[in-house]
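Below, chain A is the first sequence line, B the second, and so on; all start at residue 1.
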Number of protein chains: 2
Amino acid sequence: MSKPLYRQVADTLRAEIAGGVFGPGDDLPSERELRERFDASRNTVRQGLQLLVSEGLLNSSQGRAYQVRSHEVFVLNASKFENLQFSQREDGDSYDNEVLHSGRQPHQEFRVEMVKVTQEIAERLKVTPGEQGVLRFCRRFVDDTPWSTQATHYPKWLVDAHPRLAEPDDIEEGSTRYLADRGLEQIGYHDELMTRMPTPEEASELQIGPGVPVLIWIRTGFSADKPVRCTRTTFRGDLNHITYDLGDLRAHATGGDLH
Amino acid sequence: MSKPLYRQVADTLRAEIAGGVFGPGDDLPSERELRERFDASRNTVRQGLQLLVSEGLLNSSQGRAYQVRSHEVFVLNASKFENLQFSQREDGDSYDNEVLHSGRQPHQEFRVEMVKVTQEIAERLKVTPGEQGVLRFCRRFVDDTPWSTQATHYPKWLVDAHPRLAEPDDIEEGSTRYLADRGLEQIGYHDELMTRMPTPEEASELQIGPGVPVLIWIRTGFSADKPVRCTRTTFRGDLNHITYDLGDLRAHATGGDLH
DNA sequence: CTATACAACTTGTCCCGACAAGCGGGGCAA
DNA sequence: TTGCCCCGCTTGTCGGGACAAGTTGTATAG
C-alpha cells in the first residue's frame, strides 16, 4: 500500500520546492543525480518530474536542467471599464501603465481582418453564424514574452456605419471612444470567465508549455438596444489575475496589488 | 525535421476527437490497438495519450479504456450579489436552483472551525496574520461528483459581536442576511479571479486528475468602513464558468446559458 | 583578443521487457 | 435466479538500453 515510486519522487521534490530548498528560478539536480538519490530508474525519475511540470511547478527544456518556475502576476481590474481598450496610450490606470510601472517593456502585434464570425461569437453578437464581421486582433508581450491575445469582433452592420473599424490602423483615441463619440455609447457589459488547458495553437501563440492553463475572458459590449462588440481575451493563467469591484467601495483603497 | 512520433499520435487522435470520430464519453482504442495502428512502442503510444490527458481531452483509469471527456458547465453569475450565499434555500436564481433546474442532485458538506487566518486571508481582512478567525467551509457536489469548495473567513472582532457565526449549524437565513439584519450590511465586494493547476490536496478534494485546472474566486466583502468577510471558492475549471453583468443591461435578456 | 571546435554535460525520443492492479463478462455452483 | 470466482482484457508501474539533440564551458587555432 506504499505510494508509487515516481509519486514519492514528485512529492519529495514538491515539498522541497514549497519549503524553499529550491527557490524560483533555481535549477534542480539532474536526472542522473535524482536517480542515484531515489535509487530509481531514469524513466521513473522522469515520470515524477513530468508530474511536477504538468502541475506548473517546473520548466524543462532540452539541454538545460529542470528549473523552478517563478510567477510574476499582473492584475487586470475589469470593472474599471471606462478605459477598456487597455492597450491605448491614454492615461489612467490602463494595463500598459501597470506594466510600465513595474519597469517592464510592453509591446504588441496588431492586425485587422474581415472574417466570418464563428458560432461562439455570433450568438453573443446576435447575428447569424458565418456572417461577415471585422476582427481586430492583438497579441501583447511584456519583455518579449507573450502575455495575452485579444480578439475583438464587430458585427457587419456596425462596420458599415463606422468604416474606420475595418481599417488596419490602430485607432488613436481607442475604438470604444471612437464609437462613443459617434453616438454609440456602450452602456453595459456581459463578461464571461473560464479556464482550461490551452489548445496546441494557443500554447504556441502564448509560448506556454504543459502545466499552464489559460484564462479566457469574453466581454460582450451593449449599446442601448443591442450588442455592438465581443472581445475575447486569452491570458496566460500563470501571469494574470482579474479583479472586479462591485458596489460602493469609495471608502476603501483596494489598491496594493497582492503578490 | 519530422514531428516526434508520440506527437503524431497525439495530433492524430486530437484531430479525430475534434472531428467527431470519437464523441464525448466514447472509449478510445486500447494501447495495444493504437500501437499496431501507429507502429510504435507502447511507451510512445502512452506518451501521446498522456499528452492528451494533460490537455484535458481524455480521462484514464486503470482497467478501463481511455475515455473522451465530456464537459457540462454550470454558470455562476457573480454580479447578482444579493443572494451571494448561493447554497441557501431561498428562491431566486441561486446556484442550487440552476443545478436543480438541470435535473441533477446537489448536496454539500458543511463545517465550521476556529482557525488562525493565513497570510492570504489576513491581508484581505486587514487583520494580523495568525490571529484567530472563524472558517465556515463548504464542499459542494452535484450527483456525488465534487464541484467546488468554499471557505469563508470572518475576523475575530466580527465573530465576537455576532457569535452565531461560530456555531457549527447552517444559518437558516444565510449568513449575509444574518449580518445585514443585525446592522452590518455589505455594501461592496472586491473579487479576484485566477487559475492554475490544482495542488495535490485540491486535486483529491475535487477529484480531478491531470489536465484540469482550478478556477479560484476570492471575494472580500466590505461594510461601510472595513472588510467583514473573505470567501475563497475553488472551482473545478472544467465544470464552471463565472459571469459578471456590468452597467445597465435592463434592456437585454442575458439569460440562456451558452453551451 | 576573438572565434571556432570540441567535450561533457543536460534533457528528449524511442525501443524492449516484466509484473501489478483494476474492470467486466462468462461460467460455475449454491 | 443469485452469488461467486476466474479469466482475459485494460491501464499502471518500473526496470533496462540506446541514440538524438540542445546547452555550456573549455581549449585551441587564428
Between C:dT10 atom P and A:Glu33 atom CD, what is the distance in whole Å? 6 Å
Using atom CD of A:Gln62 as one end and atom C1' of D:dT24 as the other, report the distance to the nearest whole Å. 14 Å
Does the distance from a Lys or Arg side-chain N to an Asp or Glu carboxylate O, for A:Glu113 and A:Arg111, drop under 4.0 Å? yes
Considering only D:dG12, C:dG12, D:dC14, which nucleotide approaches the side chain of A:Ser60 most closely? C:dG12
Along DNA chain D (nearest heavy atom to each residue), the more 5'-positioned of A:Thr44 and A:Gly63: A:Thr44
Residue whose nearest DNA chain D nucleotide is more 5′ - B:Glu31 or A:Asp39: B:Glu31
Mind calculating the distance between CZ (A:Phe38) and P (D:dG15) to the nearest angstrom? 13 Å
Any Lys/Arg nitrogen of B:Arg14 or B:Glu55 sitting under 4.0 Å from an Asp/Glu carboxylate oxygen of the other? yes
Looking at B:Ser61, I'd like to know whether one of its side-chain N or O atoms comes within less than 4.0 Å of OP1 or OP2 on D:dT11. no
Expressed as a whole number of angstroms, how long is the span from B:Arg64:CZ to C:dG22:P? 12 Å
Just the rounded figure in Å: distance from P of D:dC14 to CG of A:Leu51. 12 Å
Between D:dA18 (P) and B:Asn43 (CG): distance, integer Å: 16 Å
Is any side-chain nitrogen or oxygen of B:Gln47 closer than 4.0 Å to OP1 or OP2 of C:dC14? no
Looking at A:Ser30, does any N or O in its side chain come under 4.0 Å of the phosphate oxygens OP1/OP2 on C:dT10? yes
Please report, rounded to the nearest Å, how far the P atom of C:dT11 is from the CG atom of A:Leu58. 11 Å
Establish, with yes or no, whether the OP1 or OP2 oxygen of C:dG12 is under 4.0 angstrom from a side-chain nitrogen or oxygen of A:Tyr66. yes
Please confirm whether any donor atom in the side chain of B:Arg42 sits under 3.5 Å from an acceptor in the base of D:dG12, or the reverse. yes
Can you tell whether the side chains of A:Glu202 and A:Arg196 come within less than 4.0 Å, N to carboxylate O? yes
Taking 4.0 angstrom as the limit, do A:Arg46 and A:Glu31 come out as a salt bridge? yes
For B:Asp27, report the nucleic acid contact type (base, sugar-phosphate, nothing); a contact means any heavy atom under 4.0 Å. nothing
Salt bridge flag under 4.0 Å for residues A:Arg124 and A:Glu192: yes
Kindly say if A:Arg46 contacts the phosphate of C:dT11, meaning a side-chain N or O under 4.0 Å from OP1 or OP2. no
When rounded to whole Å, the CD to P distance for the pair A:Gln50 and C:dG12 reads 7 Å
Shortest side-chain distance from A:Tyr6, nucleotide among D:dT13, C:dT11, C:dA20: D:dT13
Would you say D:dT10 has OP1 or OP2 under 4.0 Å from some side-chain N or O of B:Arg32? yes
